[in-house]
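Residue numbers start from 1 in every chain, and the chains themselves are labelled A, B, ... in the order their sequence lines are given, proteins ahead of strands.
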2 protein chains.
Amino acid sequence: MTGPQPRARRATRRAGSANSPAPLTGSTDRPASIADVALFAGVSPQTVSRVVNGHPSVSDLTRSRVLAAIDKLAYRPNPAARALASGKSRTLGVVALGTGFYGPASTLLGIEAAAQKHGYFVSVATVHSTDRGSVRKAIERLTHQSVDALALIAPYTSAQEAVSSLATGVPVVVVEGDTRGDMSVVAVDQALGARLATEHLLEMDRGTVFHIAGPQNWLDARGRAEGWRRALRAAGARVNPPIAGDWTARSGYEAGQVLAQVPDARAIFVGNDSMALGALLALHEHGRRVPDDVALVGFDDSPDAAYFCPPLTTVRQDFAALGETAVRVLLEQLRQGGGARHELLGPTLVVRQSTTAGPWAGD
Amino acid sequence: MTGPQPRARRATRRAGSANSPAPLTGSTDRPASIADVALFAGVSPQTVSRVVNGHPSVSDLTRSRVLAAIDKLAYRPNPAARALASGKSRTLGVVALGTGFYGPASTLLGIEAAAQKHGYFVSVATVHSTDRGSVRKAIERLTHQSVDALALIAPYTSAQEAVSSLATGVPVVVVEGDTRGDMSVVAVDQALGARLATEHLLEMDRGTVFHIAGPQNWLDARGRAEGWRRALRAAGARVNPPIAGDWTARSGYEAGQVLAQVPDARAIFVGNDSMALGALLALHEHGRRVPDDVALVGFDDSPDAAYFCPPLTTVRQDFAALGETAVRVLLEQLRQGGGARHELLGPTLVVRQSTTAGPWAGD
DNA sequence: AGCACCCGTGTGATCGCTAACATCGGCCAC
DNA sequence: GTGGCCGATGTTAGCGATCACACGGGTGCT
């Protein structure tokens, strides 16, 4: 025996000699393979595979026997082997940008929850820089990781271009992305949300509505600004230039300091809840009472918004639904292929004391 | 020819006849495989593998030739094949509980960022229910997904038990878990943070410090309560029973309503920033001024805390460092094996106007 | 009766890669 | 000079699953 010492065959290792059956319990070191199950059930590996994958052409008797063997041996299909043989990994890749903020982070969690519900795994690559290169790199990271489909949380204008420039070969859905273009997009209707907020403020008869906007390289921020602008125009109200923040409470605070000194600014639509928080603080410090002197509306309905001082009227986005929709679109494309889908979810206005006299005692 | 029609061999498909070299560009449909690279570089697949994996025993000439081929063919190792052959997937599994809250969500993102930095992928399974069964299921989901190691964000007392009861066969680190026990744990020193907060409040000479605690089935909440209690005892201050919330601003609001009616409550340590926000609102509604009448300290230093009304003194946890440490511990265990490691990170107190007269204009 | 066809099952090849040898040439030490 | 070791490379055999096809037997139809 001078030839190479082959690695012992699995079946031999596990089941002992060819004459003795596999042990009844999974007492050996390695997890059971499909071959072990086949041996144990007295069928071929292919039949086990059929049972596992729910193929119809298996007799009830065989199926139950195989299932029993699977149960007994605590068999779990090896996903790596599966992915190699079939090319499918039951894994969705998610490229997430801006996860430092409430919206994108919630979207990520929403996608994960939805994917889990549909039996998919989620492999995440977050991107912390704005430049196109790192987005591209993250996408490559994931596509090489053999994901079945890709979700891109692409709130930046630049992010989306990175995907379209890459022929990924797998279905892609852009979440919170640009609705134009040839890719599938799932997003909340930002402009509608902004319109709801703006009209709500206009109804209070406090003159035109000012706007503290998000960074204008974010699509949501643009959509909100655009919706606000259109609502004002439709009402014949004056459109003052918005003050651009960067989503942080700090930037909202700074914008608030500016607007606090504008006597006409008696109604403000803020691009998100964090900036609204900052604005509230600035207004308070300048002695401008909310809602008496200034009415304020935010965006997102973050969990804390209901306990701002005063509780914040804001536009709610349903991130769970967003994630669910994104996953649904991906799975549809996975199954049926077909063209790009566009899904737009409707946000809702949540009215609280920052725009109502109400039971709010803040003076 | 009546035998089965074998699938055409890759090399044949791609490279044409044995005499013609592979095409120079990756113009074929499939991505290049290691065999393609080997063929193109005039070496064996094993040598390509060596180059890709940084094995030392490769001559410089060969290495550069292989690298050139890799570059030309845009070769990427197939991770599924790799995982199957080697048993390693370069993927970390993260089981995350409580991702609805700032702390756990930030921890998750911190781990992802650190893993990415070390060249690992992250596969996430979030758990939304408290019961042990679903934690166990999530762990199983991931271990069957052939992850190399597992991080468990286990803020609940019950969560940790679920891992220890499962022989996972891979290194495990528990993040924000119980330091006792035989598993590796990485956590922020909650008791220390609580002590810092409590001592800071005691220094203000407002009598003893009240506590709005997190849910007591969360370890962090317990640690904070314990640190608070010990600090009070050490100072000889009276220990009133803490009011337990559930981390939400709502629960903080409710607790605040209670404490607002306790004249002695002039210093409050709150278990997290969200609850502190709610408490602030309640105190404000009851006409109790912060910090004049009541001083308040939170925990987490969420990005918004600096813009609460008034800005919140709080205890900062470095979630990026937490994730980084967790990943480091996992990689160490992967490489060197060895026993459980315990890492405790120090939080820091961030003093703002909710405990200082300072420049705060809140009347 | 004859034949096509479907059902249930098995066989062989293959996915792309790595582990464990085997091999071969050169260099060093005794 | 020769044995031995090392460095560079190739060879073979898997990893654990799926896929395409083969095959035997029952059924329906002509």
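When distances are taken from the side chain of B/Asn53 to each of D/dA17, C/dC7, C/dT18, the shortest belongs to C/dT18. The side chain of A/Ile34 has D/dA17 as its nearest neighbour among D/dA17, C/dT11, C/dG8. Nearest to the side-chain atoms of A/Arg82 among the listed nucleotides D/dT18, D/dA8, D/dG16 stands D/dT18. Distances were taken from every side-chain heavy atom of B/Gln46 (C-beta onward) to each of D/dC21, D/dG14, C/dA19; the shortest belongs to C/dA19. Candidate nucleotides D/dG7, C/dC17, D/dA17 were compared by shortest atom distance to the side chain of B/Asn78, and C/dC17 ranks first. With C/dC17, D/dA17, D/dT9 as the choices, the nucleotide that has an atom nearest any side-chain atom of A/Ala81 turns out to be D/dA17.
Heavy atoms of A/Pro45 sit nowhere under 4.0 angstrom from any nucleic acid atom. Residue contacts shown for A/Val52 are absent, as no nucleic acid heavy atom lies under 4.0 Å away. Within the 4.0 angstrom heavy-atom criterion, only backbone atoms of the sugar-phosphate kind lie near B/Thr47; the bases stay farther away.
Look at CZ on A/Arg90: it is 16 Å from P on D/dA17, rounded to the nearest Å. Regarding A/Leu84, its CG atom lies at a distance of 14 Å from the P atom of C/dT14, rounded to whole Å. Summarising the geometry, the separation between OH on A/Tyr75 and P on D/dG16 is reported as 10 Å, rounded to the nearest angstrom. When rounded to the nearest whole Å, the span between CG of A/Leu39 and C1' of C/dG10 equals 15 Å. Atom CD1 in B/Ile70 sits roughly 13 Å away from atom C1' in C/dC17 (whole-Å rounding). In this structure, the NE2 atom of B/His55 is 9 Å from the C1' atom of D/dG7, given to the nearest Å.
The shortest distance between the side-chain N/O atoms of A/Ser59 and the OP1/OP2 oxygens of C/dT9 is below 4.0 Å. Between A/Ser57 and the phosphate of C/dC7, there is no side-chain N or O to OP1/OP2 separation shorter than 4.0 Å. Remark: A/Ser44 is not in phosphate contact with C/dT11, judged by side-chain N or O atoms under 4.0 Å from OP1 or OP2.
Heavy-atom distances to DNA chain C give each of B/Arg50 and A/Arg50 a nearest nucleotide, and the one nearer the 5′ end belongs to A/Arg50. For the pair B/Ser86 and B/Arg63, nearest-nucleotide mapping onto DNA chain D gives the more 5' position to B/Arg63.
With hydrogens and angles disregarded, a donor-acceptor distance shorter than 3.5 Å links the side chain of B/Ser64 to the backbone of B/Asp60. Within the 3.5 Å criterion, the main-chain N or O of A/Ser49 finds a donor-acceptor partner in the side chain of A/Asn53.
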When you look at A/Glu324 and A/Arg328, which way does the salt bridge (Lys or Arg N to Asp or Glu O under 4.0 Å) test go after all the steps? CA-CA 6 Å; A/Glu324 175 65 43; A/Arg328 213 195 56 229; over 6 Å; no

